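For reference, the structure is listed below as structure tokens.
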2 protein chains.
Amino acid sequence: MATIKDVAKLAGVSKATVSRVINGNERVSQTARDKVHQAMEEMDYKPSALAQALATNKSRTIGMVVSDLSGPFFGPIMKSAERVIREAGYQLVVTNGQGQAELEREAIEFMLNRPVDAMILTVFGFPEEEIVKLHQGGTPVVLLNRHIEGFEDNCIYLDNKHGGYLATRRMLELGHQRVAFLAGHFTHNDSLERLAGYQKALAEFGIPFRQELVFDDDYNEDGGRRMCQKLINLEREFTAIFCGNDLIAIGARGVLEERDRLSQTCMVGFDDVLFARYLNPSLSSVFFPVEEMGERAGHMALAMAQSKASQIGHLLQPKLMERDSLFKLKD
Amino acid sequence: MATIKDVAKLAGVSKATVSRVINGNERVSQTARDKVHQAMEEMDYKPSALAQALATNKSRTIGMVVSDLSGPFFGPIMKSAERVIREAGYQLVVTNGQGQAELEREAIEFMLNRPVDAMILTVFGFPEEEIVKLHQGGTPVVLLNRHIEGFEDNCIYLDNKHGGYLATRRMLELGHQRVAFLAGHFTHNDSLERLAGYQKALAEFGIPFRQELVFDDDYNEDGGRRMCQKLINLEREFTAIFCGNDLIAIGARGVLEERDRLSQTCMVGFDDVLFARYLNPSLSSVFFPVEEMGERAGHMALAMAQSKASQIGHLLQPKLMERDSLFKLKD
DNA sequence: TTGTAAGCGTTATCAC
DNA sequence: GTGATAACGCTTACAA
């Protein structure tokens with residue numbers, strides 16, 4: 001690998017001049033500039049990002065910690081963030097936190113030592129204070145799907161309450177009076193917010209909130225199965241179900257089908273992951289603008305990495321995607 | 001941030017000694033070692049991976065280029081590779097190549113300047129010679145899903161022919177005689193190999209190969225739709241369809257359903273992505289051991305990064321997942 | 001066993 | 001405009 005020294009020698013100038021040419025903006029004579037360019041060309045010289053980083057204390061790298069490197073939810077977030085970041089000449093480094101505090105901490109430390117110029121975090125186990133401390137410690141943080149008081153400027157999150165409201169309202173409009181809510185765990189703030197939206201819609205329609213129609217469990221297929229089984233086994237009356245996410249919906253559908261109630265049960269999921277539309281009957285879902293979240297996260301992180309101010313909105317709006325699983329109450 | 005110098009001063013030793021302690025294996029007196037450890041603790045010292053990389057010419061970083069950062073296929077590959085790599089104390093850097101030569105080249109250059117100790121590539125546009133040259137240039141390359149002659153030791157790929165064979169054979173066993181093949185583009189080697197398996201099965205059953213039952217198009221839902229429409233519009237007789245991947249299968253199913261032929265058409269997809277089992281009727285598919293591929297890729301890249309020999313298998317075996325969409329020929 | 005000093009490939013501060 | 005030269009934080013001969 002050719003170094004700046006080699007280029008300098010070949011071009012007959014000093015390293016300093018070559019460096020100036022590389023970094024564009026300096027005052028260098030046209031003749032020197034030409035010689036340098038030619039030499040760089042000739043040697044196929046590429047500056048070492050490593051050495052640049054050491055010298056400037058800027059790595060042009062953005063770190064990202066996600067809860068699941070695979071999976072339909074984080075994929076599009078990563079993808080759109082990566083695009084934005086790469087277009088800016090930065091590089092994205094992603095690691096998996098798996099939603100576990102320990103792994104998340106390890107992932108973050110890893111990136112700190114690297115280092116990165118900013119971090120995009122989707123962490124659940126990692127405590128609030130530490131996130132704030134991290135940011136104050138000099139590594140700017142963008143926090144996704146989590147809302148820390150006094151730290152709002154660094155957070156990007158969905159209007160979960162409105163999402164819950166949209167889904168529930170639509171089912172009520174369609175005549176359903178008994179709408180169950182199979183939430184994810186209420187330790188997740190998202191779940192609580194969606195519950196609030198659910199309640200708001202009920203109130204608007206003058207329907208009393210029934211605690212016995214609300215369940216919480218894991219945010220996955222098994223959780224969905226368990227909640228739906230309880231719902232049925234306890235003989236709770238219902239004609240519609242609002243699910244905390246699409247995986248829960250999948251699990252619940254399995255149970256409904258076994259009990260031969262699938263076609264009579266109105267259902268709305270959450271996130272609108274890719275396969276929702278492929279199911280049969282297709283699943284209605286509250287669309288989560290994942291790509292937009294990724295883009296905003298990328299832009300925000302870049303701005304912070306360059307200590308620029310940015311006017312990026314913190315709140316994303318959900319949208320109800322109506323499909324087969326939404327229909328009028330049958331009697 | 002505390003540096004090695006600070007630690008040395010606090011511990012009352014030289015930087016060299018601290019460095020020796022950090023890197024374990026050197027001969028350092030116990031007393032010195034203790035003092036250093038205590039000082040590191042006290043200052044919460046973390047060595048700069050950057051400076052280490054510059055000094056040693058090893059970055060403890062593995063780069064990966066995928067064709068799609070989101071999506072059900074690459075997610076699990078990345079996830080398992082990341083786990084393996086992280087457990088070894090290395091870091092994975094992923095970038096998106098989108099299957100486009102230009103982007104792929106850019107992504108690779110990005111990583112070269114970083115630099116990375118090894119690369120895992122899933123690239124389609126990037127030319128063979130350049131891949132080999134890259135490897136010989138000193139950055140070890142692991143190549144996924146592509147098979148370059150004379151470069152086999154660096155490739156990990158699926159036995160596509162066997163996959164095509166398994167799927168087709170099963171449909172023939174179930175009595176189907178007219179099995180269509182909706183492939184991805186035949187510019188992909190994978191497609192050609194699967195075709196070979198398809199033909200092998202036909203031959204075994206003494207059924208003549210009919211070119212008019214084979215179509216090629218994009219490896220996605222739209223491609224599947226188009227191929228299936230052609231198949232039907234051209235009035236080709238068929239009772240079973242083998243699809244080049246699960247997205248093609250999804251597209252084809254859509255068309256079949258519109259024509260009211262879904263329940264009578266036997267179908268097998270390829271890859272066995274997450275949602276195949278969630279479809280209704282559930283989709284049979286040739287399972288692609290993506291996680292194993294990711295793991296092997298990680299191990300192989302690590303071995304290469306450390307110039308160790310590795311005995312990692314290059315060929316992965318597919319498996320047929322039988323679900324609702326596989327059934328006996330109805331008459 | 002330990003310290004000194006050179007070097008990794010850049011940038012940045014000075015003089016000239 | 002340009003060139004020495006000292007950083008940046010670490011590793012690694014080589015000497016002691």
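Naming: A, B, ... by sequence-line order, numbering from 1 per chain. The structure presented is a predicted model; accordingly, all values stated were derived computationally and were not measured.
Across all strands shown, A:A32 has heavy atoms under 4.0 Å from sugar-phosphate atoms exclusively, and none from any base. Among the heavy atoms of the strands lying under 4.0 Å from A:N23 are primed sugar atoms or P, OP1, OP2 only; no base atom is included. If you check every strand for non-hydrogen atoms under 4.0 Å, A:K46 touches sugar and phosphate atoms only. Contacts of B:T56 with the nucleic acid, taken as non-hydrogen atoms under 4.0 Å apart, involve only primed sugar atoms and P, OP1 or OP2.
Taking atom CG of A:L50 as the reference point, atom P of C:dT10 lies 10 Å away to the nearest angstrom. Atom NZ in A:K5 sits about 16 Å away from atom C1' in C:dT11, given to the nearest Å. Atom pair B:Q52:CD and C:dG9:P shows a separation of 17 Å (rounding to whole Å applied). Rounded to whole Å, atom P of C:dG9 lies 8 Å from atom CG of A:D6.
Residue A:N57 qualifies as open at atom CG: its count of foreign heavy atoms under 6.0 Å is 12 or below. The environment of B:Q317 atom CD is dense: over 12 non-hydrogen atoms of other residues, nucleotides or ligands sit within 6.0 angstrom. Around atom CD of B:E128, more than 12 heavy atoms belonging to other residues, nucleotides or ligands sit under 6.0 Å away. Annotation for B:E152: atom CD counts as buried by contact number, over 12 foreign heavy atoms lying within 6.0 Å.
Taking B:P289 as the reference, B:L158, B:F287, B:E292, B:L316 meet the side-chain contact (heavy atoms from CB on, under 4.5 Å) condition, with sequence neighbours excluded.
Between B:D68 and A:K79 the shortest side-chain heavy-atom distance falls below 4.5 Å. B:F124 has its side chain out of reach of B:Q98: every pair of non-hydrogen atoms, C-beta onward, lies at least 4.5 Å apart.
In the model, A:N154 has a side-chain atom that pairs as donor or acceptor with a side-chain atom of A:H135 under 3.5 Å. Side-chain contact of A:S59 with A:D117: a donor-acceptor pair under 3.5 Å is present, judged by distance alone.
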For nucleotides 3-5 of chain C, list the nitrogen or oxygen atoms of the protein found under 3.5 Å from its nitrogen or oxygen atoms, one pair per line.
| unit_1 | atom_1 | unit_2 | atom_2 | d |
| --- | --- | --- | --- | --- |
| C:dG3 | OP2 | B:S14 | N | 3.1 |
| C:dG3 | OP2 | B:S14 | OG | 3.2 |
| C:dG3 | OP2 | B:T17 | OG1 | 2.7 |
| C:dG3 | N7 | B:R20 | NH1 | 3.3 |
| C:dG3 | N7 | B:R20 | NH2 | 3.4 |
| C:dG3 | O6 | B:R20 | NH2 | 2.4 |

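On the nucleic acid side, DNA chain D contacts chain A at distances under 4.0 Å to non-hydrogen atoms, with the end points of that region at D:dG1 to D:dG9.
An OP1 or OP2 oxygen of C:dT2 is reached within less than 4.0 angstrom by a side-chain nitrogen or oxygen of B:S29.
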